[in-house]
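All ligand and atom numbering here is 1-based and tracks the order in the structure. Note: hydrogens, waters and symmetry copies are ignored here, and every other heavy atom, side chains too, is used.
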Amino acid sequence: MDFRLPDDHKMVRNPISRFVENELIPLENEVLKNEREGRPSLSEEKLGELQLKAKEFGFWGINTPEEYGGADLGQMMMAIVYMEISKTFVPFRFGGSADNILYYGNEEQKKKYLIPTINGEKKSCFAMTEPDAGSDTRNIKTTAVKDGNEWVINGEKTFITGGNEADFVMVIAITDKEAHARTGREGVTCFIVDRTMGWKSEYIHTMGEWGPAGLVFDNVRVPEENILGELHGGYKLGLEWIGFARWVVGARAVGTAERLLQMAIDYSKERFTFGRPISDRQAIQWQIADSAVEIEAARWLTLNAAFTLDQGEDNRHLAAMAKLYGANMGNRVVDRVLQIHGGMGYTRELQIERWYREARLWRIYDGTDEIQRMIISRNLLKGHVKIGDFI
Ligand SMILES: Cc1cc2nc3c(=O)[nH]c(=O)nc-3n(C[C@H](O)[C@H](O)[C@H](O)COP(=O)(O)OP(=O)(O)OC[C@H]3O[C@@H](n4cnc5c(N)ncnc54)[C@H](O)[C@@H]3O)c2cc1C
């Protein structure tokens, strides 16, 4: 068994690492200034320029199948890419990508929504959560009622990432009330709904530097052909969308924590108190050691979740573990690193407070800590997985 990264993975990691160092990290001060003066962190033009630069290195459509012009790197490589890219808070995303569930579209939908999204001409968002249905998605109330060749959607969604900017939403609505009432999983359908069809969005202010949106559907009429996947098959699509996002949180936390820990190591050697650098103190050394151990643990959990998916196996148990542990590790590390920086860590002179606020979200979205624990313990208690599986 060889735990080292194979050469082809290093060939992906090294150029990404250089891209982050040479192109993204130098933009951090500009991003902080923009955000503090109420402007978008990065303009669309700047993001476009960066995406083209990344494309020169071959990083375009990293999770997009080759038949759609993507690099289709596979999950392990994606995990490594996310770990590298998360060493900065510059909100860069690779061009040439689309939500995983858009590939369930028929040929017409692929032409109208998938390809323009991959090409960066359209923006999408995914809407499951409602004011009364977050962890408990079975509680959704948004309905779609058939009227001739159209479906009429009514309801409210909340906390939708990208909902302020999206040209279309993939929204989950109840299409068979009785079936939905029976299990909460049946009788829901995913619809592709253009903004021009009439839904409205409103910005939600959060602790972070970007806000999700609340969406309102008031008698929004959607043609029959805009059903994504199967009628009443929306729950499965929802799980698939969330499932991908889940282990990626682990990868993001690893990258960010690595960068933060390096900042703490550097600072602790420069900062003198009582005639000695604080790095000489055991109180500081232990915080560094604990962080390093936890980063490695999160790295291997995340890589195993990604590797398992690459083998075509069910990775949901590992993904829940990678998300739970990674998100909490990231929060512990950013807190320690802020502590090691003392008062300076608390200021807006440094980037740490920004990461501190951002990391808090990791424990909430794509399934809270409590929901991940529920999944992990249920799998073990019901015997779906055994301790020590997945090696
Ligand atoms: C910035 C942001 C972006 C988001 N993006 C999207 C998006 O793009 N699309 C989308 O559909 N959703 C999105 N969400 C929604 C997100 O997935 C939900 O906020 C999350 O699932 C939690 O739901 P909730 O907020 O309703 O909390 P609740 O479900 O009300 O939970 C409240 C508390 O109770 C706990 N709890 C709930 N049930 C149990 C239980 N059975 N046992 C123990 N504890 C429990 C929870 O863990 C939590 O601590 C986003 C949220 C945020 C904040």
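Side-chain atoms of D176 and H232 include no donor-acceptor pair closer than 3.5 Å.
For ligand 1, one of its N or O atoms has an N or O atom of F159 under 3.5 Å away. Not a single N or O atom of P212, backbone or side chain, sits closer than 3.5 Å to an N or O atom of ligand 1. The shortest N or O to N or O distance between T129 and ligand 1 is below 3.5 Å. The shortest N/O to N/O separation between W210 and ligand 1 does not fall below 3.5 Å. Geometrically, ligand 1 and M128 share a nitrogen or oxygen pair separated by less than 3.5 Å.
A salt bridge does not link R18 to E56: none of the charged side-chain nitrogens sits closer than 4.0 Å to a carboxylate oxygen. Under 4.0 Å is where a charged nitrogen must lie from a carboxylate oxygen, and between D218 and K200 no such pair does. The pair R299-E258 meets the salt-bridge criterion, with a side-chain N (NZ, NE, NH1 or NH2) lying under 4.0 Å from an Asp/Glu carboxylate O.
Residue, atom and distance of the protein heavy atom nearest to atom 39 (C) of ligand 1 are I371 CD1, 4.2 Å.
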Are T175 and F191 close enough, and set up right, to give a side chain to side chain contact (heavy atoms under 4.5 Å, CB included), and what steps lead you there?
CA-CA 10 Å; T175 39; F191 292 88; 3.7 Å; yes
Evaluate salt bridge (Lys or Arg N to Asp or Glu O under 4.0 Å) for K323 paired with D366, printing each intermediate quantity in order.
CA-CA 9 Å; K323 205 250 170 196; D366 298 323; over 6 Å; no
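Under the rule for a side chain to side chain donor-acceptor pair (under 3.5 Å), the partners of E186 that lie at least two apart in sequence or sit in another chain are T183.
Residue T161 holds the heavy atom nearest to atom 5 (N) of ligand 1 of all those in I364, D369, D366, T161. The heavy atom nearest to atom 28 (P) of ligand 1, considering only S135, G134, C125, is found in S135. Among D136, I204, D132, L361, the residue whose heavy atom lies nearest to atom 53 (C) of ligand 1 is L361. Considering each of E130, R373, E370, Q372, the one bringing a non-hydrogen atom nearest atom 48 (C) of ligand 1 is E370.
For K157, no heavy-atom contact with ligand 1 is shorter than 4.0 Å. Residue T368 touches ligand 1 through its side chain alone, judged by heavy-atom distances below 4.0 Å.
Using 4.0 Å as the threshold, T206 has no heavy atom nearer than that to any atom of ligand 1.
Relative to the ring axis of Y325, R332 places its NZ or CZ within 45° and under 6.0 Å from the centre.
Between F59 and F57, the angle of the ring planes lies from 30° to 60°, which puts this pair in the tilted group.
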